[in-house]
Amino acid sequence: MIVTRPLAAAKKSLEDMGYLAVDVDPTLDLVEEINKLKKEKNAIILAHYYQESEIQDIADYIGDSLGLAQQAEKTDADIIVFAGVHFMAETAKMLNPSKKVLLPDLKAGCSLADSCPPHLFRKFKEKYPDHVVVSYINCTAELKTLTDICCTSSNALHVINSVPKDKGIIFAPDRNLGAYLQKKAGRDMILWNGACMVHEIFSAEKITKALVRHPNAELIAHPECEAHILAKAHFIGSTSQLLRYTHESEVQEFVVATESGIIHQMELKSPDKLFIPAPPNNTCACNDCPHMKRNTMEKLYLCMKYELPEIILEDWVIEKGVACISRMMEISAKAGL
Ligand code: 13P
Ligand code: SF4
């Protein structure tokens, strides 16, 4: 037994801290232990591209928000271990409520989801009773209960285009993705004023300097970035679309304006190419998402060992909230995504 504190104490600290604060023997081979637990418990690890590289390397599936939701829906594993953030694990639970869904750190939240509190959104929505509500999947389970169709950055344009032209649309919570979609789809939408703290940190001036230093490089960007960054980008897409683009392109150098975790997969797929994280507008490593990076190999191991912390949702939230996700899944399947 490696744990140095009793489980009762660990569970208490779980309540206080959102994860199992149990000391893990530093000599333990975590990769071996996690792989053992996966087999023993018939568990699957789903990891987002923004996770630290060690977690990506041990995952059964690595993907963007849409890919992760699709995997969560179809898995026959008994336990889904979600190496990502809270809204992603909630989505997995809503799509597959009979499964146990674990998140290594319950405090792995999302600034974008937090920027749209459901009680305020409910009031906002009342002002536009005839509008269709499209919400980016980066929102709370409760916000999904107030939503007609969900979307991710991979399928957002298909979702917007599925709404009849004579219908107004409220788009929440990301004002940057919303503004980008308005332009792409050529229609006005009512935008909720939320944003992602990571994608709003990039400095246009420093990106220009990086492109001067690397004249053959292309800027690629996630649509959660601000309009003035997107205006400079050679290619805009979700994390999986950015990854595919860098692999298939003839170009050898890229300045990458999204969370830096994706660069691990870009380097694995295209080892001879150069990937430069887009510089933030200060000196810290702010293009690391502090929420995504709360998950560690130690927390992943403990959460699989003790099957905690678990995502628990009220039945009404699952029943009401899953409808907008299912609608999104249908639109994606129709579009071949
Ligand atoms: P995608 O991986 O779906 O592009 O989403 C990016 C993101 O910010 C997830 O939190
Ligand atoms: Fe949320 Fe932004 Fe972190 Fe994604 S990168 S989880 S949108 S805060």
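Bear in mind the structure is a predicted one, so any value in this text is a computation, not a measurement. As the structure lists them, so they are numbered: ligands from 1, and atoms in each ligand from 1.
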Residue pair T246 / L242, side-chain heavy-atom distance below 4.5 Å:
no
Contact between L95 and M329 at the side-chain level, heavy atoms closer than 4.5 Å - yes or no?
yes
Taking every non-hydrogen atom, the tightest pair across L143 and S135:
CD2-OG, 3.8 Å
What part of Y49 sits under 4.0 Å from ligand 1 if we count only heavy atoms: the side chain, the backbone, both or neither?
neither
Which segment of V198 sits under 4.0 Å of ligand 1 when only heavy atoms are counted:
neither
Using a strict cut-off of less than 4.0 Å between a Lys/Arg side-chain nitrogen and an Asp/Glu carboxylate oxygen, indicate whether E307 and K100 qualify as a salt bridge.
yes
Residues K36, E33: salt bridge by 4.0 Å N-O rule
yes
Begin from the C-alpha positions of E218 and K232 and carry the test salt bridge (Lys or Arg N to Asp or Glu O under 4.0 Å) through to its verdict.
CA-CA 9 Å; E218 281 188 352; K232 287 173 167 293; over 6 Å; no
Using a distance-only test with no angle check, is there a side-chain donor-acceptor pair under 3.5 angstrom linking S238 and S154?
yes
Protein contact to [atom] [nearest heavy atom, distance to 0.1 Å]:
atom                    : result
atom 8 (O) of ligand 1  : E224 OE2, 2.9 Å
atom 3 (O) of ligand 1  : S65 OG, 2.8 Å
atom 3 (Fe) of ligand 2 : C289 SG, 2.4 Å
atom 7 (S) of ligand 2  : N138 ND2, 3.2 Å
atom 2 (Fe) of ligand 2 : C196 SG, 2.3 Å
atom 8 (S) of ligand 2  : S111 OG, 3.3 Å

Between C110 and ligand 2, which residue portion shows a heavy-atom distance shorter than 4.0 Å: side chain, backbone, both, or neither?
both
Distance filter under 4.0 Å to [X] heavy atoms, resulting ligand 1 atoms:
X    : answer
S238 : 4 (O)
M88  : 9 (C), 10 (O)
H222 : 1 (P), 4 (O), 5 (O), 6 (C)
N138 : 7 (C), 8 (O), 9 (C), 10 (O)
S153 : 1 (P), 3 (O), 4 (O)

Paired with V255, the side chain to side chain contact (heavy atoms under 4.5 Å, CB included) test is passed by just one of I220, T208, L219, namely L219
For K293, which of Q51, E52, E259 qualifies under side-chain hydrogen bond (donor to acceptor under 3.5 Å, both in side chains)?
E259
Check: W192 ring centroid to F171 ring centroid under 6.0 Å:
no
Heavy atom of H48 under 4.0 Å from ligand 1?
yes
Using heavy atoms and a 4.0 Å limit, tell me yes or no: is E259 in contact with ligand 1?
no
What class does the angle between the rings of H199 and F202 fall in, given that below 30° is parallel, 30 to 60° is tilted and above 60° is perpendicular?
perpendicular
Residue-ligand contact E224/ligand 2, heavy atom below 4.0 Å:
yes
